[in-house]
Amino acid sequence: MRDSLVVVAAALNSKAEEFAVIRKLGRTQLQHAVPMTQGEEFAAFATTILEDCDRLKRYSTRKT
């Protein structure tokens, strides 16, 4: 599963570069927030997925 998530994160990072210049309004609890690019949003998704991969790795090596 971790290998597949790494592939997804790489694809999101690729899209982050592709959409780096497209501006959008951020949203926080249905209210306008700090303007950002679509690329930044894709990069944030990729970072979150990679952090989850690290957690999966840590927990899979943990003894129960």
Between atom [atom1] of [X] and atom [atom2] of [Y], what is the distance when rounded to the nearest 0.5 Å?
| X | Y | atom1 | atom2 | answer |
| --- | --- | --- | --- | --- |
| Y59 | D52 | OH | CG | 10.0 Å |
| L56 | R58 | CG | CZ | 9.5 Å |
| I49 | N13 | CD1 | CG | 9.5 Å |

Atom pairs and distances, side-chain donor-acceptor, residues 36-45, under 3.5 Å, sequence neighbours left out:
unit_1: T37; atom_1: OG1; unit_2: G39; atom_2: N; d: 3.4
unit_1: T37; atom_1: OG1; unit_2: E40; atom_2: N; d: 3.0
unit_1: E40; atom_1: OE1; unit_2: T37; atom_2: N; d: 2.8
unit_1: E41; atom_1: OE1; unit_2: K24; atom_2: NZ; d: 2.9

For residues A46 and A9, report the shortest heavy-atom separation together with the two atoms involved.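 That closest heavy-atom pairing would be CB-O, 3.6 Å.
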
Looking at side-chain heavy atoms only, is the closest gap between L12 and T47 below 4.5 Å?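 Heavy-atom side-chain distance check fails, nothing below 4.5 Å.
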
S60 side chain reached by R2 side chain, heavy atoms, under 4.5 Å: yes

